[in-house]
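Reviewing the structure listed below.
We count residues from 1, following the sequence as given. The structure presented is a predicted model; accordingly, all values stated were derived computationally and were not measured.
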Amino acid sequence: MAFFLAGRLSAKYRSRLIGIGSIGMSVAAVLFLFPIHARTIIVYGCLTAAALPFFMVPLQGYVYDGIDGGADKDTPATTYIIVREWFENLGRVIGIVLFLTICVNQSPNHLGKLRGLSFALGLVQLGSWAILIPTIRKQRPKSPKRKSRQELAEGERKTANKRLNPMS
């Protein structure tokens, strides 16, 4: 349901959706500051599942718009997409290796130190949203100047005169 809503609203409200998603994921990360039980993990999973699409779908829209805008005639857009996927997957592998290294080198009694790390990683989305806001504002298309009622009425009069007198 969240992916459906995020996909439908993404084109119009990208910046707001990224903000909602990042705040939702940060709220979910606060749960790591409390004692971790099965119920806490289930609530975290539900909150993350609800918030992640509102962060990722609009963010991917910005990425693909940037790829389309930056693609040269010599380099197809698919090349940029493949390079993006390489770095994305490299980050995942590094994260998993670091997590496993930390878990293996800690005794079960000291795994509570991961709470702070988990909370900090949960706030990364807020930081990325804060970094993206100036870029998003630069890319936002400027709305055309609204015409006054008098200009609109004058335009309608000219259009009506052309219909009535096509030779004029």
Just distance, no hydrogens or angles: give the donor-acceptor pairs under 3.5 Å from side chains in residues 25-32, sequence neighbours left out.
from: Ser26; atom 1: OG; to: Ser22; atom 2: O; distance (Å): 2.9

With sequence neighbours excluded, give me every side chain to side chain donor-acceptor pair (under 3.5 Å) pair touching residues 52-61. Gln60-Arg84
Do Phe119 and Phe34 share a hydrophobic cluster, counting only Ile, Leu, Val, Met, Phe, Trp and Tyr and linking them when any side-chain heavy atoms are less than 4.5 Å apart?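 The answer is yes; both residues are in one hydrophobic cluster.
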Quick check on the hydrophobic clustering: are Met56 and Leu123 connected, directly or via other members, by side-chain heavy-atom contacts under 4.5 Å? yes
Let me have the donor-acceptor pairs involving side chains of residues 45-53, under 3.5 Å, with sequence neighbours excluded, atom names and distances please.
from: Thr48; atom 1: OG1; to: Tyr44; atom 2: O; distance (Å): 2.8

Rounded to the nearest 0.5 Å, the OG atom of Ser128 sits from the CD1 atom of Ile133 at a distance of 10.0 Å
State the CZ-CZ distance between Phe54 and Arg16, to the nearest 0.5 angstrom.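 Between Phe54 CZ and Arg16 CZ, I get 14.5 Å after rounding to 0.5 Å.
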Apply side chain to side chain contact (heavy atoms under 4.5 Å, CB included) to Arg39 and list each qualifying residue two or more places apart in sequence or on a separate chain.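 Testing Arg39 for side chain to side chain contact (heavy atoms under 4.5 Å, CB included), a comparison that skips the adjacent residues, returns none.
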Can you list the residues that meet the side chain to side chain contact (heavy atoms under 4.5 Å, CB included) rule with Ile94, with sequence neighbours excluded? Leu90, Leu98
Starting from Val93 and following side-chain heavy-atom contacts under 4.5 Å between hydrophobic residues (I, L, V, M, F, W, Y), which residues can be reached? Val97
